[in-house]
Asks: 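Take this structure, written in structure tokens, and hold onto it; I'll ask about it next.
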2 protein chains.
Amino acid sequence: MQINLDDEDVTDASTMNYNSGKYRTPDGAPTDIAIFTITSTDRAKAKKSLPRRELQVLLIKRKRWPFEGKWALPGGFTNETETVHECAKRELWEETGVKDVHMEYFNAYSAPNRDPRGWMISHAFFALVNEAELASREAASDAAEVRLFPVSEAAGMELAFDHNAILQDALAKIREKMVTTTIAKSFLPAEFTISELYQILQTVVPDFEERNFIRKITSTQSRRGIIEEVRTPGGELALSNRHSQRAAQLYRFTDYVPQLSIYR
Amino acid sequence: MQINLDDEDVTDASTMNYNSGKYRTPDGAPTDIAIFTITSTDRAKAKKSLPRRELQVLLIKRKRWPFEGKWALPGGFTNETETVHECAKRELWEETGVKDVHMEYFNAYSAPNRDPRGWMISHAFFALVNEAELASREAASDAAEVRLFPVSEAAGMELAFDHNAILQDALAKIREKMVTTTIAKSFLPAEFTISELYQILQTVVPDFEERNFIRKITSTQSRRGIIEEVRTPGGELALSNRHSQRAAQLYRFTDYVPQLSIYR
DNA sequence: GGAATAGTGTCTATGAGACAATATATA
DNA sequence: TATATATTGTCTCATAGACACTATTCC
């Protein structure tokens, strides 16, 4: 069927297609997903101490043309019967075996010739996955083909397509969102200590530094009530000493969504 | 040319296309743009008083199938030789005769069957245009085909395609950004008074209310220095009385980008 | 003088920011 | 007992938030 896609009464030839009036259409609708996680490795020296944490991104080694052998962000082609969001969700599941994680669409990449296979406008997402959820899958998959890379390392690699730019944009986005929303919860257990939260924030946003972090986040619950103390069934304050000698108060995120404003 | 788009070694038929192995591809890459402006109408009674302001969105009456006769967001099809961002910029120029305004990509709309013409993944932008820039074009265009609507009115209309949803999303987005970034500058002259800024904020975000607005925004310049006082070439404070009996201090936005954080 | 907007005074409570000091449990 | 993390004390200054009050100029 020949459809007239012309919405604007175009009469000059400049915007008409060279293909004798038939419009050129995209050759696919791919999605690319920057899947981030934070790994924890216990420090050798002291047992009861904070683990070393590192922000990692999942990459896949391409098995065929184009960019065969190069590492790339996972992704795939959207079907006609699904939205790009559904596609990304599906790809995440196929790649990592996880679902129901925080995933967000953040940009479209549409530079001509960004894909040697044809005209491809890619829809880019980022996903934040808890290390614990990823653990089971890790063992199952072939480490030579699918691997976590520290973002510092991945940023210096030569990735397939324009995935370097996509990764950079994804990083900038999660760094911004890490301090303006409560997405840090994706990298934490449901109940966590202030130190753990602080460490997670610093792992993603190295510049983040707040001397009196504990005072700020716990002061005047009524105002900045994004987290609350956890209590035992008996009603006492729940503590944890998994990473410390002295036990620390456990907190959990509330449903409160703070409204930010530069005009206060 | 038959290309293998399969990135994931798919072997089950479920993800293969019914069209005997040939992938179905999108039928176009449209962009839709929610173009906002704020109109000012002087109040009849008092001359020197704040004008009535209203947030407006530009709509176009469709001239052909599908949704012929319905109002829709302006937009058009992306060419193979441009990015979707360039396409949106071009469409904005064609539609309003303005360029170099604040325009942002905010989402992709990809529900199957959202467009009766075929499989169309639409890329949605919002643009913020100063009333002054739009004025010249207004006279030139056919008001019956291209019109500004108050957003309150447009939100209640039945628009073409899924444009109601797109408009809602665009509104939510600019309301959020209006108080977290300095995009209010798009609706203001380079030099403005505190009252004008406050009025613009309230026009876009009706809930926005700050009793001591002037104190907050002008206190301790070193911290929240998003605006600065304007001075005359002679070094005196520049004032304006276009909207008031008593002259008011003029301000301009600085380049300072405040860093927001829920963790302070 | 009244209207309409601009801007200041004042008061209290809370938060920001910096550091020192103390607390707790374990290896 | 040394160590590593958790938490509180203390002090100063800035800001939040409320609301009354004064200032300026046009009509």
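Remember, it's a predicted structure, so these values are computed and weren't measured experimentally. Chain identifiers are assigned alphabetically (A, B, ...) following the order of the sequence lines, protein sequences preceding nucleic acid strands; residue numbering begins at 1 within each chain.
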Asks: Just compare D:dA18, D:dT25, D:dT5 and give me whichever is closest to any side-chain atom of B:Arg211.
Replies: D:dA18
Asks: Rounding to a whole Å, what distance do you find between A:Phe213:CZ and C:dG17:P?
Replies: 14 Å
Asks: Measure CG/B:Leu50 against C1'/D:dT25 and give the value in whole Å, please.
Replies: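 Spelled out: CG on B:Leu50 to C1' on D:dT25 is 15 Å.
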Asks: Tell me whether the centres of the aromatic rings in B:Phe253 and B:Phe192 are closer together than 6.0 Å.
Replies: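 They qualify: ring centres under 6.0 Å apart.
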Asks: Check the distance between D:dT7's C1' and A:Glu229's CD and give it to me in whole angstrom.
Replies: 12 Å
Asks: Would you mind telling me which of C:dG7, C:dT26, C:dA23 lies closest to the side-chain atoms of A:Arg246?
Replies: C:dA23
Asks: Starting at atom CD1 of A:Ile214, determine the distance to atom C1' of D:dT5, rounded to an integer number of angstrom.
Replies: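 In whole Å, D:dT5 C1' and A:Ile214 CD1 are 11 Å from each other.
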Asks: Please state how far atom NE2 in A:His243 lies from atom P in D:dT7, giving the value in whole angstrom units.
Replies: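 One finds 14 Å between P of D:dT7 and NE2 of A:His243, rounded.
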Asks: In whole angstrom, what separates A:Leu237's CG from C:dA23's P?
Replies: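 Atom CG in A:Leu237 sits about 18 Å away from atom P in C:dA23.
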Asks: Choosing from D:dA18, D:dT7, C:dA18, which nucleotide comes nearest the side chain of A:Arg215?
Replies: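 Shortest atom-to-atom distance from the side chain points to C:dA18.
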Asks: Calculate the interatomic distance between B:Arg242 atom CZ and D:dT24 atom P; express it in whole Å.
Replies: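 Answer to the nearest Å: 21 Å.
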Asks: Under 6.0 Å from the ring centre and within 45 degrees of the ring axis: does the NZ or CZ of A:Arg215 meet both conditions for the six-membered ring of A:Phe213?
Replies: no
Asks: Assuming nearest nucleotide by heavy-atom distance, tell me which of A:Asn212 and A:Asn241 is located more 5' along DNA chain C.
Replies: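 Result: A:Asn212.
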Asks: Round to a whole Å and report the spacing from CD of B:Glu209 to C1' of D:dA18.
Replies: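 That distance rounds to 12 Å.
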Asks: With a 6.0 Å cut-off on the ring centroids, do B:Tyr109 and B:His123 count as close?
Replies: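 Here the rings of B:His123 and B:Tyr109 have centres that are no less than 6.0 Å from each other.
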Asks: Less than 4.0 angstrom between a side-chain N/O of A:Lys216 and OP1 or OP2 of C:dA16, yes or no?
Replies: no
Asks: Examine the side chains of A:Thr39 and A:Glu131 and answer whether a donor and an acceptor come within less than 3.5 Å of each other.
Replies: no
